[in-house]
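What follows is one structure encoded as structure tokens, with my remarks underneath.
Please read all numbers here as calculations on a predicted model, not as lab measurements. Positions are given from 1 along the sequence.
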Amino acid sequence: MPEDGRQVLEQFFHSAPSSVDIEAIWRDWQALQPPYEVTRRRPPLPVWARRSFTETGDQAWEAVQQELAAIDPHKGVCVYVHIPFCAEKCTFCDCYSFRLRSNHQQQAQAYSAALEKETWLWSRAGRLNERQVSTVHFGGGTPLFIGAKAFGHIVEAISVSLNAGPAVEWALETTSSALDEPGLDLLEQMGFTRIHVGVQSLADPLRLLLKRSEPAQVVLEKIRRTINRKQVVSVDLIYGLPQQTPESLIEDMRVLAANGVDGFSLYPLQISSRNRAILKDYGSQGKNLLHEYFMLQAAEQVLRELGYRKTLFNHYAREKDTNLYFTFPERGEDCLALGTIADGVFGSYHYRHPEYREYLSGVSDSFPGLQGGLRRSAQEDRLQPLEVLILSGRLRKEDFDRTLGLQRTAALFQQWLEAALIHPAQGGEYLLTASGSWFAGAMMEQIL
Ligand code: SF4
């Protein structure tokens, strides 16, 4: 912590609303001790990002089919579909998504045909087609940008080939600009009930900087219309954007909550080769992780005050927002992931798809175009439920006791309590604080 830490904190929040509890933020910041350094935040990583694949694509397909043959057909499964197309590439975007420069319609058709083929193949693996689907979640990209016809074909392929009955939560990620009335009609007809809108910020100057063409008033109007159609609506907001102030983030949350939004996912801007150019907008000071940490602290205070509960380390929800895709591991489900770069898991076997061109040329009548896969080791298997608990934001100590032993758990919980990463709740549970959300990746590394 800088020597003049208190001054830095007060300066940062100098025009924030008085409801922000600066003392609480100061306490939590002061509680942090090595190894928890704000500037060394690492996001939680899935197993396939922590170590290399052990099988190539076709070996992974063999392995995953064997795994599927052994899994009880009563075990639930969620479905994730990645559609990488967007109208424009936003300056801040780190997702695997791109603009189709030519032959839009043919490319959309080719991609939907590959997804249909892939769905059909999976539905014949083991007894996957009997297993109850909890949610079908479309992410990207801007899934609707593929066009109504191609989108309809994908939805139909999943409905027909898998056990996706009336109880399924059909969910879609989208920008507000793709959320027009015909799009909403289409989603309603197809049974979609949850829409996750990438708002990022409602401050118009910031939206311009992010190359978001719709002004905040239009975004809000579209969100209201979507909610009026009885859709559950959640939003993505980014904290720590260039020139963003805590006041503007807090105001965004208040306005969105007042308009009926059911859930908030909060993200710091991750810099990668896909969005490196945005760094110039931070000016000579560069990206400031300490300011991001302060913003997350303040944002969590505001969301709690507005009645949202942390349901994932980075998601806050009211009751209606069940967010079934991101919580599938908590329910002990598998995940069937379809499409380019999508990663899925069956039992302890993880697989991933390659980038777009390789995916399109790889999918055939006998192969779902996988890039590779790997099996969790016995040790990773043993620890996986604890990782899930950390990410869920609710840690049951008895589960840690059982897996890590009483002594190690006591030492870890002591360290996490002293650093204010968790706080005790009822029923032997400990809840992740805002600091805990910031250090969720570090906490996972500690148990692995
Ligand atoms: S932020 Fe959303 S709309 Fe913008 S490029 Fe990324 S995925 Fe596409």
**OP:** Using atom types as modelled and distance alone, determine if a side-chain donor or acceptor of K230 lies under 3.5 Å from a backbone N or O of T193.
**Re:**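 Between the backbone of T193 and the side chain of K230 there is no qualifying donor-acceptor contact (under 3.5 Å).
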
Original post:
Does any N or O in the side chain of W416 come within less than 3.5 Å of the main-chain N or O of L432, such that one atom is a donor and the other an acceptor?
Top reply: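 A pair under 3.5 Å: no.
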
On the 0 to 90° scale, with breaks at 30° and 60°, tag the [X]-[Y] ring pair as parallel, tilted or perpendicular.
| X | Y | value |
| --- | --- | --- |
| W26 | W29 | perpendicular |
| Y111 | F85 | perpendicular |
| F151 | F192 | tilted |

I'd like to know if the side chain of [X] pairs up with that of [Y] as donor and acceptor (distance under 3.5 Å, no hydrogens or angles considered).
| X | Y | value |
| --- | --- | --- |
| Q297 | T433 | no |
| Q371 | E355 | no |
| R254 | S19 | yes |
| R194 | S234 | yes |
| T119 | E116 | no |
| T322 | E169 | yes |
| Q379 | R382 | yes |
| H350 | D343 | no |
| S272 | R276 | no |

May I ask you to decide whether [X] forms a salt bridge with [Y], counting only side-chain N to carboxylate O separations under 4.0 Å?
| X | Y | answer |
| --- | --- | --- |
| D321 | R318 | no |
| E67 | K75 | no |
| R331 | E333 | yes |
| E292 | R41 | no |
| E23 | R6 | yes |
| K397 | E429 | no |
| E188 | R229 | yes |

**OP:** Give the intermediate values and the outcome of ring pair (Phe, Tyr, Trp, His ring centres under 6.0 Å) for residues H315 and F313.
**Re:** CA-CA 6 Å; H315 191 80; F313 76 103; over 10 Å; no

Subject >> Side chains of K310 and S392 in contact at under 4.5 Å (non-hydrogen atoms) >> reply: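 Side chain of K310 against side chain of S392, heavy atoms only: no contact under 4.5 Å found.
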
Original post:
Does the side chain of H137 reach to within under 4.5 Å of the side chain of V79, using non-hydrogen atoms?
Top reply: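 When only atoms from C-beta onward are counted, V79 and H137 do not touch, as no gap falls below 4.5 Å.
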
**OP:** Let me see the working for E380 and L383 under side chain to side chain contact (heavy atoms under 4.5 Å, CB included), right down to the final yes or no.
**Re:** CA-CA 5 Å; E380 286 166 336; L383 297 172; 6.0 Å; no

Original post:
Taking everything shown except R40 itself, do over 12 heavy atoms lie less than 6.0 Å from its CZ?
Top reply: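 Open: at most 12 neighbouring heavy atoms sit under 6.0 Å from CZ of R40.
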
**OP:** Assess whether salt bridge (Lys or Arg N to Asp or Glu O under 4.0 Å) is satisfied between D334 and R131, documenting all intermediate values.
**Re:** CA-CA 10 Å; D334 289 327; R131 292 172 58 181; 2.7 Å; yes

Subject >> Sole candidate of Y239, Y282, F12 that passes ring pair (Phe, Tyr, Trp, His ring centres under 6.0 Å) when paired with H291 >> reply: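 Result for ring pair (Phe, Tyr, Trp, His ring centres under 6.0 Å) with H291: F12.
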
Subject >> Pairing residues for W438 by the ring-ring contact (aromatic ring centres under 6.0 Å, His included) criterion, not counting sequence neighbours >> reply: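 Residues passing ring-ring contact (aromatic ring centres under 6.0 Å, His included) with W438: Y293.
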
